[in-house]
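Have a look at the structure below, then the notes.
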Amino acid sequence: MAIAHLLSIPFMLIFLNHLTNVASTKPTTVQTLNTNTEFFNPKLPPRTISSSKRYEGSSDLVNLRYHMGPVLSSAPINIYLIWYGKWGVSQKLLIKDFLLSISTTDRRAAPSPSVAEWWRTVSLYTDQTGANVSRSVVVAGEYSDLRYSHGNALTRLSVQQVIANAVRSAPLPVDHKQGIYLILTAEDVTVQDFCRAVCGFHYFTFPSQVGYTLPYAWVGNSGKQCPEVCAYPFAIPGYMTGGGPVALSPPNRDVGVDGMISVIGHELAELASNPLVNAWYAGEDPTAPTEIGDLCEGLYGTGGGGGYIGQVMRDRGGRSFNVNGRKGRRFLLQWIWSPVLKACAGPNAMD
C-alpha cells in the first residue's frame, strides 16, 4: 500500500493451518538458460479469513483508477540508499544487484525471464501527459548510518528523521532532490508496526522533517525478527512445522535479504506508479489505497490462486526463483497488476 505494505502473503496466512509443496520435474527450455531448472507450484495454506479474489488476479472486483498525480517518469530514477544499522558487504551487493537488474536489458547479462522484464509491467503506467514510468534505475548515492542515529526502535516519523540525518551527513549529489530515498533497516532494528502489520511502506517526506517533499520507501530485514511473516515463503510459522510444511529455499541463501527483495520490489513498483499517493490506486481513501502490488499479493507465477503461488522455478540446488538478474543473480518477485491485461502479470508466465 502507499502508506504501508501490508504483510503480503503471511499477513493473511499467519493464522492458517498447513502448507503442501507440489513439485514437477518438467524441465524448462524457454524461461531460463539453465537446463537444470525445473518448474513447481508450491501450495500455500488455504485462505480461511477472507474470500477475496485478490490472490487470483481477478478483475471483477478491481477498480484501479488514475487520480491525476505524477509517476516516476524522469529517466533515470535516482535511488538514494540509506543503510540503517550494520549490514554485511554481501548483503549490500545482493540488494544493489537487484536494483541495478531493473535496467539490465541485455539477455546475455540477465536471461529471460528477467527483473527488467518484470519491471516492464510497472513501466506501462503513465501520467496525465502520457509519460511512462521510467525503465531506467540507478543507485545514485549511498549513506550508512552505522551508529543508529535514532536508536534501534524507529517510528514512522523517526524514519523521516533518519532521512534528514542522511541528507545532512552524506555527500549526496546536488541533484539528490530529484530522486527517491530507500531506507533499509538491519535485522536488529525494530520499526513501528513491523512484523505485526507491515513489512515495508512508502510515502513522501515532510518539509518540516527533511526540508522538502520527496518520495521514499522503507523495508526492514526480518531475518531475526519475523522471517515467517515478512520472508514467507522462505520461512514458515512454527506451528506449521513438524510433519509436512517445508519452506522454499531462498535463491541467494539469505532468508532475510531474499525476503526483503520481494518487498523492495513491491514497494518500488507502487512508489513509481503512485509516488505522492495521488496517482494510480484503487479505492476512494488515499490514506489506505490498494495499489498495483497489493492487487497481486501472493502471486508469483501462472496457476496462482486457490492457495498456490503459481509456477515458479527451482534450480539444481533446490533454490526457488522466478526471475533472473545481473551477475547470475536470481530472485523471487511477486507479480504486478497490468493496466493492459487487467490482471496480474510477470515475465515467467507460462501462457
Side-chain angles (χ1 to χ4, degrees), residues 1-15 47-73 121-133 155-157 159-160 180-181 191-194 196-209 213-219 262-299 304-305 334-346:
M1 300 179 69
I3 311 303
H5 166 49
L6 295 180
L7 308 185
S8 56
I9 302 172
F11 183 71
M12 295 298 297
L13 304 178
I14 191 68
F15 306 100
R47 299 188 303 278
T48 60
I49 297 178
S50 171
S51 60
S52 168
K53 294 184 177 181
R54 284 169 59 184
Y55 283 83
E56 298 163 31
S58 61
S59 60
D60 54 343
L61 301 178
V62 174
N63 185 24
L64 184 71
R65 294 191 298 113
Y66 177 55
H67 295 79
M68 304 306 290
V71 300
L72 297 184
S73 58
T121 298
V122 183
S123 72
L124 294 174
Y125 288 88
T126 63
D127 62 16
Q128 57 185 313
T129 71
N132 293 78
V133 169
T155 65
R156 290 175 182 269
L157 187 59
V159 166
Q160 295 212 21
I180 63 173
Y181 295 115
V191 178
Q192 181 181 355
D193 294 327
F194 186 33
R196 183 186 66 82
V198 299
C199 298
F201 61 77
H202 73 89
Y203 205 53
F204 49 84
T205 60
F206 301 149
S208 61
Q209 296 295 322
T213 297
L214 201 70
Y216 74 91
W218 158 78
V219 178
S262 184
V263 181
I264 290 171
H266 176 117
E267 294 302 329
L268 288 182
E270 295 183 341
L271 185 63
S273 59
N274 195 30
L276 300 180
V277 202
N278 60 358
W280 290 95
Y281 63 87
E284 300 304 320
D285 184 0
T287 65
T290 298
E291 300 176 274
I292 67 172
D294 301 322
L295 291 168
C296 301
E297 290 173 352
L299 284 174
Q334 71 151 85
W335 282 11
I336 298 297
W337 184 265
S338 167
V340 175
L341 299 177
K342 308 297 184 186
C344 298

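Bear in mind that the values here come from a model prediction, so they are computed numbers and not experimental data. The chain is numbered in sequence order, starting from 1.
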With sequence neighbours left out, the residues meeting ring-ring contact (aromatic ring centres under 6.0 Å, His included) with Y216 are none

Value for OG1 (T290) from CG (N63), rounded to nearest 0.5 Å, stands at 10.5 Å

For P275 and L72, the nearest pair of non-hydrogen atoms, with its separation, is CB-CD2, 4.0 Å

Here the gap from L299 atom CG to W337 atom CH2, rounded to the nearest 0.5 Å, amounts to 10.0 Å

Nearest heavy-atom contact between D127 and S73 is OD2-OG, 4.0 Å

Taken to the nearest 0.5 Å, the spacing of S273 OG from Y125 OH works out to 6.5 Å

Of all heavy-atom pairs linking V71 and A131, the shortest is CG2-O, 3.8 Å

Check your understanding: Mind checking whether R156 and D193 have side chains closer than 4.5 Å, heavy atoms only?
Key -> yes

Sequence neighbours excluded, the answer for side chain to side chain contact (heavy atoms under 4.5 Å, CB included) partners of N278 is P70, L276

Review point. Taking the side chain as C-beta and beyond, is there a heavy-atom pair between T213 and P207 under 4.5 Å?
Key: yes

Between the OG1 atom in T287 and the OH atom in Y203, the distance rounded to the nearest 0.5 Å is 8.0 Å

**OP:** Test side chain to side chain contact (heavy atoms under 4.5 Å, CB included) on I180 and L268 and set out the steps.
**Re:** CA-CA 10 Å; I180 63 173; L268 288 182; 3.9 Å; yes

message: Looking at T121 and S338, would you say the former's side chain and the latter's main chain have a donor-acceptor pair under 3.5 Å?
response: no

Minimal heavy-atom distance between I336 and G293, with the atoms involved, is CD1-CA, 4.2 Å

On a heavy-atom basis, the closest approach of L124 and P339 is CB-CG, 3.8 Å

Do any N or O atoms from the side chain of Q160 and from the backbone of F206 form a donor-acceptor pair under 3.5 angstrom?
yes

For S123, the side chain to side chain contact (heavy atoms under 4.5 Å, CB included) test, sequence neighbours excluded, returns R120, R135

d(L271 CG, F204 CZ) to nearest 0.5 Å is 11.5 Å

Next item on the list: For the pair W218 and F201, name the ring-plane relationship: parallel under 30°, tilted 30 to 60°, perpendicular over 60°.
Entry: tilted

May I have the step-by-step check of side chain to side chain contact (heavy atoms under 4.5 Å, CB included) for D294 and H266, ending in yes or no?
CA-CA 8 Å; D294 301 322; H266 176 117; 3.3 Å; yes

d(H67 NE2, E284 CD) to nearest 0.5 Å is 6.0 Å

Would you say W280's side chain and T126's backbone share a donor-acceptor pair under 3.5 angstrom? yes

Correct closest heavy-atom pair for P286 and V277 would be O-CG1, 3.0 Å

